[in-house]
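Worksheet: the structure to be examined is printed underneath.
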Amino acid sequence: MDNKKLYRIAKESIKNSYAPFSNFRVGAALLTKDGKIFTGVNVENSSYGATICAERTACVKAVSEGYREFEKIAIVSSEGEAFPCGICRQFLYEFAPKLMVITGNDEDNLVAKGLSELLPEGFKL
Ligand code: THU
C-alpha cells in the first residue's frame, strides 16, 4: 500500500467526521502489518473533553477487531496537513513505536515521519 493511496482513503473518510463544535474535520487511515486498513474520524461531543481524535478512533477500531500490529497511518484534516496530537502520539506508541505517520496538504505533497521522531522516549510500562 503506497502512501498516496492510504492518504486518499484517510481523506475520503473525512466525510464521516462529526465536528460541529470546532468544524475541524479529521480523517485517518491506519494500515496493519497484514495489509488491513482501519479508518477513523474525530467524533466531538457537547461535553468537549469527551471528544475522540481520528487517529485514536482508527486505532481503537483496529484493536477491538483483534489487530495490534501497525505499519503506517495517514492523517488529513479539512484544513490539509495534520500531525497527531500528543495524546494520539502516545496512544499509537503503545502498539506501534515504529509507526510511519503520513500527512500533507495534498497527495502530491506528503510528509512522512516516524513516530519515534514525533514522540521521542514515549511512555511504556
Ligand atoms: N483532532 C484530531 O482528530 N486529531 C488530532 O491529532 C488533533 C485534533 C480533532 C479533535 C477535535 O475534534 C478537533 O480536531 C479540533 O481539536
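What's counted below: heavy atoms across the whole structure, side chains too, no hydrogens, waters or symmetry copies. In what follows, residues are counted from 1 in the order of the sequence shown.
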Exercise: identify the closest heavy-atom pair between [X] and [Y]:
| X | Y | result |
| --- | --- | --- |
| A10 | V76 | C-CG1, 3.7 Å |
| C85 | C53 | SG-SG, 3.9 Å |
| R89 | L118 | NH1-O, 3.1 Å |
| P84 | E55 | CA-OE2, 3.2 Å |

Report task. Return yes if a side-chain donor-acceptor contact under 3.5 Å exists between E44 and S22, otherwise no. Result ->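 Per modelled atom types, E44 and S22 side chains form a pair under 3.5 Å.
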
Query raised in the report: Do the side-chain N and O atoms of S17 and N42 include a donor-acceptor pair separated by under 3.5 angstrom?
Result: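 The answer is yes; a qualifying pair exists.
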
Report task. Group every Ile, Leu, Val, Met, Phe, Trp and Tyr by side-chain heavy-atom contacts under 4.5 Å, then state whether L115 and Y67 land in the same group. Result -> yes

Query raised in the report: Looking at residues at least two apart in the chain, or sitting in another chain, which of them share a salt bridge (charged side-chain N to carboxylate O under 4.0 Å, His left out) with K98?
Result: none

Query raised in the report: Looking at residues at least two apart in the chain, or sitting in another chain, which of them share a salt bridge (charged side-chain N to carboxylate O under 4.0 Å, His left out) with D34?
Result: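 With neighbours one apart ignored, the set is empty.
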
Query raised in the report: What's in the same ILVMFWY side-chain cluster as V41, cut-off under 4.5 Å, chained through other members?
Result: Y18, V43, I52

Query raised in the report: So which residues get pulled into Y48's cluster when ILVMFWY side chains under 4.5 Å apart are joined, directly or through others?
Result: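 So far as hydrophobic clustering goes, Y48 is joined with F21.
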
Query raised in the report: With sequence neighbours excluded, what pairs up with S77 under the side chain to side chain donor-acceptor pair (under 3.5 Å) test?
Result: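 None.
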
Report summary line: Contacts of E94 meeting side chain to side chain donor-acceptor pair (under 3.5 Å) (sequence neighbours excluded), chain-then-number -> none

Requested in this report: Assess the pair F123 and Y93: is the distance between their ring centroids shorter than 6.0 Å?
Outcome: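 When the ring centroids of F123 and Y93 are compared, they turn out to be at least 6.0 Å apart.
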
**Report entry** K72 side chain to M1 backbone, donor-acceptor under 3.5 Å
**Finding:** yes

